[in-house]
Amino acid sequence: MADKRLQKFLFPDLNRKFLVRIIVVGVTAFLLFKYILIPFRISGFSMVPTYNNGGFNFSFTLKYLFAPPKRFDVVTVRFSGNHVMLLKRILALEGETIAFKKGFLLINGRKIDEPYVSKRQSWDLVPRTVKKNHVYVVGDNRNVPMQTHHFGQTPIHRITGAPLW
Amino acid sequence: MVNQKNMLITAMITAGAVIAFFLFFQNDEAKIKKKFQVLAKRIDKQADESDLMAAAAANQIKKMFGKSIRIEIPSYSVDKTFPRNEISPHVLYVRSQYIEMKITFHDFQFHFPKEDIAVVGLTAVFKATTATGERVDEIHEMECALEKVDDKWFFTGIRGIEVLER
């Protein structure tokens, strides 16, 4: 009996009901992974130690449907589409002033603790104000020269979502 | 039996029609995408490339551009219009800087402001190895302008878009 059920599960009859089920599962999976949980592989060391090179994750696109992005949120930032995205942490919101002094983050002139940073080089960035409808994003890996690290302010509409874990 | 035979013939005719449609009636978006694929293939450089092969690639790339091309990349402080004749030496110079190089284009966004003008937004992923063995891995969002002359598309402008502005 159990053998028959297993055989039926592994080799089901190709009837109409089965085909409908296949189509529903296929369409649901396509919509889910194309628009809601976009799979991505991390390439690079910008977010080390929080996210490592080669890691796998999903960008959850509904994260900011009802609430705006907050400081310290890790977000995915799109280029012209979702095929290639940046993974960065939001450090400053619109209207705030951001600066780095000897590797430490200053928001509106006040030093901010960053527990997710393990090692840091002596970054010095003169204060700058985040534009309207923009956020300032930086990677967690500060153990690289500032010139080689890709960071800056970006329009909020470029944020596609947040990593699922 | 007859039914099966008819179905097979219908399927073959449909498949033939679909293939013919894609071969002979490509729309402008498909033609431009193809143009980018060809450009990427010509930009690709293998470690064993000879000077002759490099010159041939530079010449082929040159032919893909219009009479002049405006290149505007703020992150590299480049803002210049190049006549077509000056493209080859620049391509050769860039190729000489790398042992290997590869470019891929993704996420095309098409816009046709006029019938014979196209503006294409895209993401370019550039991977290369310098002569000193250093790995280069860059991603840029770009906006490329193309012009249609005699049913062929030619590049007339490339503009880099800053995604993160310091």
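In what follows, chains are A, B, ... by sequence order, proteins preceding strands, each numbered from 1.
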A.B. asks: May I ask you to name which of A:P155, A:G81, A:S43, A:S80 has the most heavy-atom pairs under 4.5 Å with chain B?
C.D. replies: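 The option with the most such pairs is A:S80.
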A.B. asks: Under a 4.0 Å N-O cut-off, is there an ion pair linking B:E100 with B:R135?
C.D. replies: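 Salt bridge between B:E100 and B:R135, a charged N being under 4.0 Å from a carboxylate O: no.
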A.B. asks: Mind checking whether A:I42 and A:F56 have side chains closer than 4.5 Å, heavy atoms only?
C.D. replies: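 No, their side chains stay 4.5 Å or more apart.
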A.B. asks: Under a 4.5 Å heavy-atom cut-off, does chain B meet the side chain of A:V77, its backbone, both or neither?
C.D. replies: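 Just the side chain, heavy atoms under 4.5 Å.
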A.B. asks: Report yes if the side chains of B:F154 and B:M64 come closer than 4.5 Å at any heavy-atom pair, otherwise no.
C.D. replies: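 When only atoms from C-beta onward are counted, B:M64 and B:F154 do not touch, as no gap falls below 4.5 Å.
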A.B. asks: Is chain B contacted by the side chain of A:M146, its backbone, both, or neither, given a heavy-atom distance below 4.5 Å?
C.D. replies: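 Both the backbone and the side chain of A:M146 come within 4.5 Å of chain B.
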A.B. asks: Quick one: are the ring centres of B:F82 and B:H90 less than 6.0 Å apart?
C.D. replies: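 Yes, the ring centres sit under 6.0 Å apart.
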A.B. asks: Against chain A, label B:E165 side chain, backbone, both or neither, depending on which of its atoms sit under 4.5 Å from a heavy atom there.
C.D. replies: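 For B:E165, the contact with chain A is made by backbone and side chain together.
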A.B. asks: Is it true that A:Y51 and A:W165 have ring centroids separated by less than 6.0 Å?
C.D. replies: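 Distance test on ring centres: not under 6.0 Å, no.
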A.B. asks: In terms of heavy-atom pairs under 4.5 Å, which option from A:H150, A:Q153, A:K88 contacts chain B the most?
C.D. replies: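 Maximum pair count with chain B is reached by A:Q153.
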A.B. asks: What part of A:I98 gets closer than 4.5 Å to chain B, counting heavy atoms only: side chain, backbone, both or neither?
C.D. replies: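 Neither part, no heavy atoms under 4.5 Å.
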